[in-house]
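Okay, so here's the structure we're looking at.
Along the sequence shown, residues are numbered consecutively beginning with 1. All values derive from a computational prediction rather than experimental measurement. Each ligand, and each atom within it, is numbered from 1 in the order the structure gives.
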Amino acid sequence: MSDPRLQTLLDAAPGLRLKTDPADLEHYGRDWTRRWTPAPLAIALPATVEDVQAVVQWANAHRVALVPSGGRTGLSGGAVAANGELVLSLERMNQAIDFNAVDRTLTVQAGMPLEAVHNAAREQGLVYPVDFASRGSCAIGGTIATNAGGIRVIRYGNTREWIAGLKVVTGAGDVLELNRALIKNSSGYDLRHLFIGSEGTLGVVVEATVRLTDPPPPTNVMLLALPSFEVLMQVFAAFRERLQLEAFEFFTDCALQHVLAHGAQKPFDEVHPYYVVTEFAIGDEAKEAAAMAAFEACMEQGWVSDGVISQSDAQAAQLWRLREGITEALARYVPYKNDVSVRISAMPAFLAETQALLGEAYPQFEVVWFGHIGDGNLHINVLKPDGMENADFVTQCEQVTTLLAASLKRHQGSISAEHGIGLVKKGYLESTRSADEIAVMRGIKRVLDPHGLMNPGKLFDT
Ligand code: 2HG
Ligand code: ZN
């Protein structure tokens, strides 16, 4: 063990596993952003809450920075360890602890993958409805730390809505039980909500009690081809008015071409500029008629030029792949990612302005648009041309982000809808949060993390 402090760490927490191999430092020190060179001190893998507490107390005694780590599927650099931090990986704490049928809650360790949470809920005849493409790799704790959204927010809301209770180890090394799965608890500040979306800057989520719900009704998936961008919100309104939407997702033909090149099946013979994947409840004739009525109304208006409706689960999965496969299909370009949101009512004006802005600002790059348009959340991925230096590319993209952030401020939107601020969007936090708000956030951090050791440099600089 190269660093002598690590032996004292093992003395403090004998159950801990420590990794210091270069390959491990590299693996655990980065997330899906791939922008920073990992350089952690070591990787600590606790097995219990007591281990986590011992690590945090040790870190305070030795003033070592900690980076809490789940599946590292984040896209904002929130789990990057590039400055000699100790990575605190929750990977070994991945079990379900308790199911309560009366409360309809599931208590899990924070390192449990989201998909395993889905499966554990399903075994009880219920569902945990937060869902997105990285479900197999991300950890529930990471989804809590970023208040992750995903493809079903339109129907079920964000992660925040489903967290009934949390057990955390604060940056000061205290274990707190937050809310204990109470539905009603009007007893002062709800500290649970402070930890949701805190990006590991206040402490470590070690256990979560999540709410479960009834399985959704049977659904159908429809893929729509749109002739122009301007009709997008009209199509959304026509479908939302008539159907109970489970998802309403949009992508451009450019996004589709990348997914097709990655092995997906072509949905239409003709090329259309824009597409929507929507999923909605069916189950009786009236609902099926409503789906057809929505489609026909859009066709009549000229807002939709083609469509296909799933006839089987396999076909539904095929249609979903066209949307869910985008991030993976683009990964090789190391995209510069924007994840922005505005209120749905502000979406048409914001979209028009952003389209004009990016058309002018990015003529030299391929820009891929997609996202959860029904939640007012847009993903804009700018692709790095082959052979271009990453640093040059990021510098050019950041100039445009400054303009985008100004536009978001005008439309009262957010520079991070669901990916978090991390390192990637730290410079733009002021476009979304006022100086007074940021000052309050800093004050809260000082209370829970007095030595500034929890994920330093993420979200804001202290
Ligand atoms: C999605 O909606 C994810 O697929 C990833 O939030 C978005 O890759 C992205 O930019
Ligand atoms: Zn998304």
Q. So which protein heavy atom does atom 6 (O) of ligand 1 come closest to, and at what separation?
A. His419 NE2, 2.8 Å
(Q) Quick check on side-chain contact (heavy atoms from CB on, under 4.5 Å): which of Leu166, Val130, Val168 does Ile144 satisfy it with? (A) Leu166
Q) Listed by chain and number, what are the salt bridge (charged side-chain N to carboxylate O under 4.0 Å, His left out) partners of Arg30, not counting sequence neighbours? A) Glu26
Q | Glu418, portion touching ligand 1 at heavy-atom distance under 4.0 Å | A | side chain
Q.
Restricting to side chain to side chain contact (heavy atoms under 4.5 Å, CB included), what partner residues turn up for Ser310, sequence neighbours left out?
A. Asn220, Val221, Gln315, Ala316, Leu319
Q. Does Leu330 approach ligand 1 within less than 4.0 angstrom via side chain, backbone, both or neither, non-hydrogen atoms only?
A. neither
Q: For Asp449 and Leu202, indicate whether the former's side chain and the latter's backbone hold a donor-acceptor pair under 3.5 Å.
A: no
**Q.** His372 N/O/S atom closer than 2.8 Å to the Zn ion (ligand 2)
**A.** yes
Q) Is there an N/O/S atom in Glu418 at a distance below 2.8 Å from the Zn ion (ligand 2)? A) yes
Q.
Distance under 4.0 Å to a non-hydrogen atom of Thr327: what atoms of ligand 1 satisfy this?
A. 4 (O), 5 (C), 7 (C), 8 (O), 9 (C)
**Q.** Residue His372 vicinity, atoms of ligand 1 by number, heavy atom under 4.0 Å
**A.** 2 (O)
Q: Could you tell me which atoms of ligand 1, counted from 1 in the order shown, lie closer than 4.0 angstrom to a heavy atom of Leu75?
A: 5 (C), 8 (O), 9 (C)
Q. Between Gln257 and Asp253, is any side-chain donor less than 3.5 angstrom from a side-chain acceptor?
A. yes
(Q) Less than 4.0 angstrom from a charged side-chain N to a carboxylate O is my criterion; do Arg211 and Asp103 meet it? (A) no
Q. When you measure from atom 1 (C) of ligand 1 to each heavy atom in Glu328, Glu249, Arg323, which option holds the nearest one?
A. Arg323
(Q) Tell me which one of Val231, Val235, Leu226, Leu224 satisfies side-chain contact (heavy atoms from CB on, under 4.5 Å) with Cys298. (A) Val235
Q: For the pair Gln109 (side chain) and Gln95 (backbone), establish whether a donor and an acceptor sit closer than 3.5 Å, ignoring hydrogens and angles.
A: yes
Q: Report the part of Phe370 in contact with ligand 1, treating N, CA, C, O as backbone and CB onward as side chain, heavy atoms under 4.0 Å; options are side chain, backbone, both, neither.
A: side chain
Q. Counting from 1, what ligand 1 atoms have a heavy atom of Asn381 closer than 4.0 Å?
A. 8 (O), 9 (C), 10 (O)
